[in-house]
Number of protein chains: 2
Amino acid sequence: MKKQGEEILKNSALSVTAGRKRILDIFLASGNALAHQDIEMQCAEQFDRVTIYRTLQTFLEKGIIHNIPSTDNMVRYALCNDNCITSGHHHDNHVHFKCDDCGKTVCLDDLVIPAIKLPQGYTMKEINMVVSGVCKTCK
Amino acid sequence: MKKQGEEILKNSALSVTAGRKRILDIFLASGNALAHQDIEMQCAEQFDRVTIYRTLQTFLEKGIIHNIPSTDNMVRYALCNDNCITSGHHHDNHVHFKCDDCGKTVCLDDLVIPAIKLPQGYTMKEINMVVSGVCKTCK
DNA sequence: ATAAAGAATGCAACTTTGTTGCAAAAGCAT
DNA sequence: ATGCTTTTGCAACAAAGTTGCATTCTTTAT
């Protein structure tokens, strides 16, 4: 239990540091997607702002987290679940939901993004779907 | 032709100013979605940065433009086409495409976002779909 | 056509967000 | 434990976004 963060780091061939463990813990403890700001609020006294930026960047590159687009200039990040990475290729094919009431963004892991057919000449690499509205807790 | 911008403003009950016309012209001339930065680059000598922020905000509120979420901290805006506003309610139900090559984001107006069924308890208000890959021009 | 009322703009100052280089510290493998 | 590599913190900076207020421009009613 206590080692979950460490395990994730080792699986990604990253060295285990206090900052990385802490940020992973914050993700593990929070059920929803977090913006840089959210993380900073929780550990600014322990770690430098720059470290948080760099850590998120590293996690992204390793596929530990994925980012969720937004229209409010607050890119949010969420832990990837295990099946996010298949044969070195990363793909989040689930829908994201942002609640207008509580502001939280969550992964709807069970909800697969439906396939679409792009016009002639376009090639798809990634696909992202974000739904906003009211979540089940706020309803 | 020359009046197109003015018409849009009048239809939205906005006063017609040089800045607003200019920004509309920039949108009308560009086939793709524009970030604040893109607009600023084209008219920074004429208009203050703050004016551009406020103008985009106003256009958004009036439903003249819509914003497209992104993971690169550059929210982009695109002109809404006429059927975007139905009975006071605004809805972009088309797919957006961002090209990894040229960086341009476009509206695929003909491509309607497929309906999805949210889990029990969730209410949908808006839905957004952004696909990235290579566009037909860069292919 | 003009004057008054209201709205938009520019400016200045400021806050927040993100980036970079470099020296110090911590982690890792032997 | 030691040396090598990676990560971190700091400082300085650049870019992005916000706010209040005085001035200027639009609109509307005469």
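Just so we're on the same page: letters track the sequence lines, and every chain starts at 1.
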Calculate the interatomic distance between [X] atom [atom1] and [N] atom [atom2]; express it in whole Å.
X: B:Tyr77; N: D:dG17; atom1: OH; atom2: P; result: 7 Å
X: A:Leu9; N: C:dA26; atom1: CG; atom2: P; result: 18 Å
X: B:Gln57; N: D:dA16; atom1: CD; atom2: P; result: 18 Å
X: B:Asp72; N: D:dA16; atom1: CG; atom2: P; result: 12 Å
X: B:Tyr53; N: C:dA13; atom1: OH; atom2: C1'; result: 15 Å
X: A:Glu6; N: C:dC28; atom1: CD; atom2: C1'; result: 13 Å
X: A:Ile52; N: C:dT19; atom1: CD1; atom2: C1'; result: 15 Å
X: B:Glu45; N: C:dG10; atom1: CD; atom2: C1'; result: 15 Å

Would you tell me if any nitrogen or oxygen in the side chain of A:Asn73 comes within less than 4.0 Å of OP1 or OP2 on D:dG17?
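Indeed, a polar side-chain atom of A:Asn73 lies that close.
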
On the nucleotide D:dA15, are OP1 or OP2 found under 4.0 Å from the side-chain N or O atoms that B:Gln37 carries?
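Indeed not, no polar side-chain atom of B:Gln37 lies that close.
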
Separation between CD of B:Gln4 and CG of B:Leu24, rounded to the nearest 0.5 Å
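Rounded to the nearest 0.5 Å, the CD-CG separation comes out at 9.0 Å.
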
Return whichever of B:Val16 or B:His36 has its heavy-atom-nearest nucleotide of DNA chain D closer to the 5' end.
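Checking each residue's closest nucleotide, the 5'-ward one belongs to B:His36.
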
So which atom in A:Asn73 and which in B:Met74 form the shortest heavy-atom distance, rounded to 0.1 Å?
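That closest heavy-atom pairing would be OD1-N, 4.3 Å.
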
Shared hydrophobic cluster, B:Ile127 / A:Ile68 (ILVMFWY, side-chain heavy atoms < 4.5 Å)
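No, because B:Ile127 and A:Ile68 fall into different hydrophobic clusters, even though each may have its own neighbours under 4.5 Å.
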
Taking distance alone, no hydrogens or angles, what donor-acceptor pairs closer than 3.5 Å link side-chain atoms of residues 34-47 of chain A to residues at least two apart or in another chain?
| from | atom 1 | to | atom 2 | distance (Å) |
| --- | --- | --- | --- | --- |
| A:His36 | NE2 | A:Glu40 | OE1 | 2.7 |
| A:Asp38 | OD2 | A:Ala35 | N | 2.7 |

Is B:Arg20 reaching over with its side chain to a backbone N or O of B:Thr55, donor-acceptor style, under 3.5 angstrom?
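Side chain of B:Arg20 to backbone of B:Thr55, a donor-acceptor pair under 3.5 Å: no, none is there.
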
Pairs touching residues 100-112 of chain A that satisfy side chain to side chain donor-acceptor pair (under 3.5 Å), sequence neighbours left out:
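For residues 100-112 of chain A, and leaving out neighbouring residues, the side chain to side chain donor-acceptor pair (under 3.5 Å) pairs sorted by first residue read A:Asn81-A:Asp109.
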
Pairwise side-chain contact, B:His66 with B:His94, heavy-atom cut-off 4.5 Å (strictly under)
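Yes; the side chains approach each other to less than 4.5 Å.
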
Going 5' to 3' through nucleotides 4-14 of chain D, assign each nucleotide B (protein heavy atom under 4.0 Å from a base atom), S (under 4.0 Å only from sugar-phosphate atoms) or - (no protein heavy atom that close).
--SSBBBB---

